[in-house]
Amino acid sequence: MKKAQIDLIAAARPNFMKVAPLYHALTAESWCDVRLVHTGQHYDANMSSDIFDDLGLPDPHHHLGVGSGSHATQTAGVMTAYEPLCLSSPPAWIVVVGDVNSTVACTLVGAKLHIPVAHLEAGLRSGDRRMPEEINRLVTDAIADLLWTPSPDADANLAHEGVDPAKVERIGNIMIDSYELMRERIEGDGTRARMGVQGKEYGVVTLHRPANVDSRDTLEVLVEQVRSSASRLPLVFAVHPRTEKQLKEFGLYDRLVSSPGLTVTEPLSYVSFMNMVTGARLIITDSGGIQEETTYLGIPCLTVRDTTERPITIEQGTNQLVEPESLLETVDAVLAAGSDAAASRKPEFWDGKAAGRAVESLKRRLRQ
Ligand code: UD1
């Protein structure tokens, strides 16, 4: 019997931890061949190939080499590069993950060529349409054929939007699969020692959202709040390329790197970063995935945003939303509450088995 070809689309750093468990689970199956397609949205070694290596992903079968650009340029670039591949050898299914520009671009290509598309991490909504990711989520979920959700709130969002329930399957949170797959290496990794920090006696910072880093006023407030917070608790700030560019453009970079108590580093590979996260007293971030990882690990997470598409991390987990101006005050409150205060419950299906459920789901759909 001819094997079904599945295209797995990987584009930007937060995608790789979602693609890896599914790649490993699918390659263990005899009924399919997996074609790993990297759109090239992220291309620096520390944003891409280092993380691929950490997660045991091979070189992609196809690299579309799209690179950076405006939203239209990037989205159109991915579509223009991916369409010929689908025309010359159409996959049986396309699997897209997360909410980046490449996610919506490949979904549009599939939908127009009548190739079914599965969206992993479907149904999340921040309610804030100024976020580019929210537009990507809305469009992707409106036209994809199979929607794999991580949590009941995502199911409810899709129901509210009138999505046919037959398209929706809750498979859980695949980021947790990546963590569980790599747990031993994460625990044995030496990044904490290399950074000169002791378990539970430091915090980790990541910030990259346009709303936080693209305006000088907001970024300056954040730099000041992070500087002050570092006087309470040593902080390690892994600076995203977008943030580094903006800090330099606004003349804030030197002020940040000279802060006592603060270590500034370039983006870390997955294992190194998770070694830092697992030992941290608290995390300051505007990332999506880190809100989930900290809930799973029971580590306080201060999310510098006014909305989240992951409300379950607040309701059941360790996450709280913080305004830039209130960061120091919130750090103080977390430290004063003591290290046992971050009570959290692991949401259902955040169990390291999401990839297996996705594979079963695809198999079922192919039989239909
Ligand atoms: C993208 C995603 C965002 C995700 C984030 C994780 C969209 C709309 N945004 O945002 O959802 O949370 O990735 O990192 O898809 N750059 C480099 N090297 C790289 C990649 C980017 O230097 O490997 C630079 C670019 O030149 C650009 C900036 O970083 O100046 C932003 O990159 P881009 O991919 O456009 O968006 P992100 O902010 O990374």
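Everything numeric in this text was worked out from a predicted model, so none of it was measured.
Using cut-offs of 30° and 60° for the angle between ring planes, the H38 and F52 rings count as parallel. Using the six-membered ring where Trp is involved, Y296 and Y179 have ring planes that are perpendicular, over 60° apart on the 30 and 60° scheme. The aromatic rings of H42 and H240 sit perpendicular, their planes meeting at an angle over 60°, well past the 30° parallel limit.
For the atom pair W93 CH2 and L146 CG, the distance stands at 4.5 Å (nearest 0.5 Å). For the atom pair CD (E348) and CZ (R170), the distance works out to 5.0 Å, reported to the nearest 0.5 Å. For the atom pair R35 CZ and S89 OG, the distance stands at 3.5 Å (nearest 0.5 Å). To the nearest 0.5 Å, atoms CZ (F237) and OG (S259) are separated by 10.0 Å. If you take CD on E161 and CG on L138, they are separated by 5.5 Å, rounding to the nearest 0.5 Å.
Of the N and O atoms on the side chains of Y82 and S102, not one donor lies less than 3.5 Å from an acceptor on the other residue. A side-chain donor from one of S215 and T218 sits under 3.5 Å from a side-chain acceptor of the other. Checking Q291 against T308 by side-chain atom types alone, a donor-acceptor pair falls below 3.5 Å. E292 and N173 are linked by a side-chain donor-acceptor pair at a separation below 3.5 angstrom, with hydrogens and angles left out of the test. Side-chain polar atoms of T206 and T285 form a donor-acceptor pair below 3.5 angstrom.
With respect to the salt-bridge test (charged N to carboxylate O, under 4.0 angstrom), the residues R137 and E133 do not qualify. Looking at R364 and E169, a side-chain N of the basic residue comes within less than 4.0 Å of a carboxylate O on the acidic one, giving a salt bridge. Classification of R183 and E187 as a salt-bridged pair holds, one side-chain N sitting under 4.0 Å from a carboxylate O. Between D214 and R242 a salt bridge is recorded (basic side-chain N to carboxylate O distance below 4.0 Å). Using a 4.0 Å cut-off between charged nitrogen and carboxylate oxygen, E201 and R281 do not count as a salt-bridge pair. In summary, E220 and R255 engage in a salt bridge, as defined by a charged side-chain N under 4.0 Å from a carboxylate O. With salt bridges taken as basic N to acidic carboxylate O contacts below 4.0 Å, none links R305 and D286. Ion pair R357/E360 not flagged as a salt bridge, since none of the NZ, NE, NH1 or NH2 atoms sits closer than 4.0 Å to an Asp/Glu carboxylate oxygen. For K363 and E29, the salt-bridge test passes: some basic side-chain N is under 4.0 Å from an acidic carboxylate O. Between K346 and D351, none of the side-chain N atoms (NZ, or NE/NH1/NH2) sits under 4.0 Å from a carboxylate O, so this pair counts as no salt bridge.
When every heavy atom of N275 is checked against every heavy atom of T191, the shortest pair comes out as OD1-N, 3.5 Å. Contact record, A166 with R365: O-NH2, 2.9 Å, taken as the closest heavy-atom pair. Across D189 and S272, no two heavy atoms sit closer than the pair OD2-CA, 3.6 Å. The shortest heavy-atom contact between D44 and P241 is OD2-CG, 4.3 Å.
For NZ of K353, the number of neighbouring non-hydrogen atoms (other residues, nucleotides, ligands) closer than 6.0 Å is 12 at most. Around atom NZ of K112, no more than 12 heavy atoms belonging to other residues, nucleotides or ligands sit under 6.0 Å away.
There is a path of hydrophobic side-chain contacts, each under 4.5 Å, that joins V359 to M17. Residues V205 and V213 share a single hydrophobic cluster, defined by chaining ILVMFWY side chains whose heavy atoms lie under 4.5 Å apart. Cluster annotation: I115 is connected to V117 through the hydrophobic network of ILVMFWY side chains, with a link wherever side-chain heavy atoms come within less than 4.5 Å. Hydrophobic clustering (side-chain heavy atoms under 4.5 Å, transitive across Ile, Leu, Val, Met, Phe, Trp, Tyr) keeps L147 apart from V19. Neither I9 nor I6 shares a network with the other; the hydrophobic side chains, linked directly or stepwise wherever heavy atoms of I, L, V, M, F, W or Y lie under 4.5 Å apart, form separate groups for each.
Exactly one residue among V97, T103, T149, V96 makes a side-chain contact (heavy atoms from CB on, under 4.5 Å) with L120. That residue is V97. The side-chain hydrogen bond (donor to acceptor under 3.5 Å, both in side chains) test with R125 is passed by exactly one of D153, T307, D141, N157: D141.
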